[in-house]
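I have placed the structure first, in the form of structure tokens, so that the comments after it can refer back to it.
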Protein chains: 2
Amino acid sequence: MPGSGRQTSRPAAGPGGRSDGRSDGVDGAATGPSGRPATRPTSRDVAQLAGVSQSTVSLVLAGKWTGRVSPGTAEAVHEAAARLGYRPNQAARSLRLGRTRTVLLVLPTLSSPFFGALYTGAARVAAGHGFRIVVYPWPDGAGPADNPFAAPHEAIDGILASSMAVEALSEFRGTPVVMLDSDPAGAAPTVDFDVADGMRRVAGHVLGLGHRHVGHVAADVDEWTFRSRGRALAAAVEATPGGRLSRVTAAIDVAAARRAAGGLLRRPDRPTVLVCDDDQLAAGAYKAARELGLDVPAGLSITGFDDVLLATALEPELTTVRLPAEELGAAGMATLLEMLEGGAPRSRSLPGELVVRGSTAPPP
Amino acid sequence: MPGSGRQTSRPAAGPGGRSDGRSDGVDGAATGPSGRPATRPTSRDVAQLAGVSQSTVSLVLAGKWTGRVSPGTAEAVHEAAARLGYRPNQAARSLRLGRTRTVLLVLPTLSSPFFGALYTGAARVAAGHGFRIVVYPWPDGAGPADNPFAAPHEAIDGILASSMAVEALSEFRGTPVVMLDSDPAGAAPTVDFDVADGMRRVAGHVLGLGHRHVGHVAADVDEWTFRSRGRALAAAVEATPGGRLSRVTAAIDVAAARRAAGGLLRRPDRPTVLVCDDDQLAAGAYKAARELGLDVPAGLSITGFDDVLLATALEPELTTVRLPAEELGAAGMATLLEMLEGGAPRSRSLPGELVVRGSTAPPP
DNA sequence: CTGTTAGCGCGTTCAG
DNA sequence: CTGAACGCGCTAACAG
């Protein structure tokens, strides 16, 4: 939604202390105070201003000068760098070091608040270590045509990939990778949500309310996270005396979920609760219920999964499992950084939290 | 929502034709077929294999060899490059050329499907011209603490910024910029939605249904797009005999919108239609209506703006204005590329489309 | 038509 | 403790 970001106002002065009020952000070439074309300062410029040599500048700014450069000289270098607004040229740095301090974040889509939050968490940790993130949405839709996004193969040090099979990354073979929200049985280190536990909590909640015939509106997507959810629900229901499970599948799409849930609810012995694999599926279930004149939650209970925006936009608000996306991104990035420093990190799992709202009640 | 992307399966063979089944994506260092550490092939390797010099390789692969290199030699170079799986080193390229073929996409947030679509459109156009996109979410939330995202100042050729004031980019002064969904009165070229026209269509629709007292649930955000919407609605209502407008504002947030809309509806002479600046605000308005026992659309009509996921998840489905986010991204990138090639592109405006669904009806 | 040369800006030896 | 020299991989000039 355009413009939905909070308004952010920033001081008008640019970096380097120039606050002359000129607004040349549109022009292709900025000009320095003297009118010459302003080519950005290099480490040589800093050296010259500080009266030392390039290598000294390099040492000082890299922070490994103790015992090799006199404190006075170091101070002079820092001051010169600050005065010129010096920032090292990334291209030259990468070329020399062979590392880019850039991580590729591979996501199935950007069209979901969930992945936005994931990015935020990852970016926070990355920034703290001087790493940059390039987002690489795996083309969704558009069919199996050739990948329209040029793969930045070698411009990255590592990969953080979410919600996909590790095999999908064969293109990047040879690059360190950490998988998020993916099958921990793969070869790569993984950071996951404990979705099985989350689903058990959902099951415990609805079974505790007295429900026995549970309808499962499952996502028609063959991915680890949904397989886990399905297994956990089935196990919990089976372990309950009198428990019974009916399952339908649907694409993650409101209209598809509505059709699938409608089919389930039209059966002569319909379930008293619909446990959905995803909040979007739950939105479809709401529609099916309303279509059949069933009141939620008095006539039918419904649960979701993920706790995205939708959950509180629906009426009644949705009982669901909150998955801490931002923490997932942060933990994943931490794991990847550990790996890049030569470690062999262990896979981890983050708990989900059951959020009980107005869509669940005892069976009618 | 984790896993909500379509499943994508890719051929298992990596680039360069190696399909030996090894899966070393986890290891930090890949090893070549012979077991040596596999340092990626350089243009010199290609030259050696093809029996020519580096510069010839450069010319051929850059595609500007016609009339300078014999077709046979060019063919040999191409073949050698393909056999080695050669890909030019981006860092070296950028260092030499001073250009990065990378564009920064500045967004207020990533937590919205709208901006995901915008990205997709921009990426499509960029890829067609060999450009890469780095997404740079302007820190939303987190307070005015220091920017946690390291600004990639010099690693970019241009900036595409959406839904903000151009002044917010003062940090990037000197870089070519195209603004999206922002005030066209600024100095930078702009690609916008014609939100005023969209709002006029909404107004025409509800006024045509017979509504005269219009409630405006406005976004409490001082941005061009919302100012335009407000002005257009006010003008349309004023131009109608008997027309009357009541306005409340709310943060773009379901709960805030519910409170604001509730206040409007509790007035003794309440409006018969609520025109909302955004779909999320409309979701809040639904809640307020239900709270007061008003049926939508029989007792109260509601409209939104943007046509995001929410619009069809609500019940009844929301009459709103569809804003083609993907086209916006594509048009914006095209404009920026034109600029980078030395042109001085004109600002443009994209039309929105009124989508009439079930939330609007004649007044009771 | 092709090869040789120079240098982009940086980090790192190696002499002094 | 500091400076001069080298090379990362690539492209653009210039020679042959």
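Chain naming here is simple, since letters A, B, ... match the order of the sequence lines and numbering starts at 1 in each.
- The nearest whole Å value for the distance from the CZ atom in A:Arg99 to the P atom in C:dT12 is 9 Å.
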Quick one: which protein N/O atoms are closer than 3.5 Å to N/O atoms of nucleotides 13-16 of chain C? Pair and distance per line, please.
none

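- Remark: the backbone N or O of A:Ala331 is paired with a side-chain donor or acceptor of A:Thr335 at under 3.5 angstrom.
- A:Ser70 comes within 4.0 angstrom of the backbone, heavy atoms only, and of no base.
- Residue B:Ser53 has its side chain nearest to C:dT4 when only D:dT2, C:dT4, C:dG9 are considered.
- One atom, CD of A:Gln48, and another, P of D:dA4, lie 12 Å apart when rounded to the nearest Å.
- Considering only side-chain N and O atoms, B:Ser43 lies under 4.0 angstrom from the phosphate OP1 or OP2 of D:dC10.
- Remark: C1' of D:dG3 and CZ of A:Arg44 are 14 Å apart, rounded to the nearest angstrom.
- By the side-chain hydrogen bond (donor to acceptor under 3.5 Å, both in side chains) test, A:Ser55 is found to be paired with A:Ser53, residues two or more places apart in sequence or in another chain being considered.
- Comparing the local axis fitted to the first five base pairs of the helix from C:dC1-D:dG16 to C:dG16-D:dC1 with the one fitted to its last five gives a bend of 50°, rounded to 10°.
- Between D:dC10, C:dC10, C:dG3, one nucleotide has an atom nearer to the side chain of B:Pro88 than all others, and that is D:dC10.
- Rounded to an integer number of Å, the gap from B:Leu61 CG to C:dT2 P is 14 Å.
- Distances from the side chain of A:Gln54 to the nucleotides D:dT2, D:dC10, C:dC10 place C:dC10 closest.
- Regarding contacts with the backbone of D:dC8, every side-chain N or O of A:Ser94 stays at 4.0 angstrom or more from both OP1 and OP2.
- The side-chain hydrogen bond (donor to acceptor under 3.5 Å, both in side chains) search around A:Thr73 returns A:Ser70, not counting sequence neighbours.
- Under 4.0 angstrom from either OP1 or OP2 of C:dG9 there lies no side-chain N or O belonging to A:Tyr86.
- Between A:Arg93 atom CZ and D:dG7 atom C1' there is a gap of 17 Å when expressed in whole angstrom units.
- Which of D:dT11, C:dC10, C:dT12 sits closest to the side chain of A:Leu97 comes down to C:dT12.
- To the nearest 0.5 Å, atom OG1 of residue A:Thr120 and atom CG of residue B:Leu110 are 7.0 Å apart.
- Counting only distance, with no hydrogens or angles, the side chain of B:Thr190 and the backbone of B:Ala188 share a donor-acceptor pair below 3.5 Å.
- Without hydrogens or angle criteria, B:Ser182 side chain to B:Leu180 main chain gives a donor-acceptor distance under 3.5 Å.
- Atoms CG and CD, on A:Leu49 and A:Glu79 in that order, are 8.5 Å from each other to the nearest 0.5 Å.
- As a whole-Å value, the separation of A:Leu95 CG from D:dT11 P is 12 Å.
- Contact between A:Phe131 and A:Thr102 at its shortest, heavy atoms only, is CD2-N, 4.0 Å.
- The distance between atom CG of B:Asn89 and atom P of D:dC10, rounded to the nearest whole Å, is 6 Å.
- Between the C1' atom of C:dC8 and the CG atom of A:Asp45 lies a distance of 14 Å, rounded to the nearest Å.
- Considering only residues two or more places apart in sequence or on other chains, A:Ser347 meets the side-chain hydrogen bond (donor to acceptor under 3.5 Å, both in side chains) condition with none of them.
- Each of C:dT2, D:dA12, C:dG11 was ranked by its minimum atom distance to the side chain of B:Arg96; first place goes to D:dA12.
- In this structure, the side-chain contact (heavy atoms from CB on, under 4.5 Å) partners of B:Glu327, at least two apart in sequence or on a different chain, are B:Pro324, B:Leu350.
- Side-chain N/O atoms of B:Thr73 include none lying less than 4.0 angstrom from OP1 or OP2 on C:dC1.
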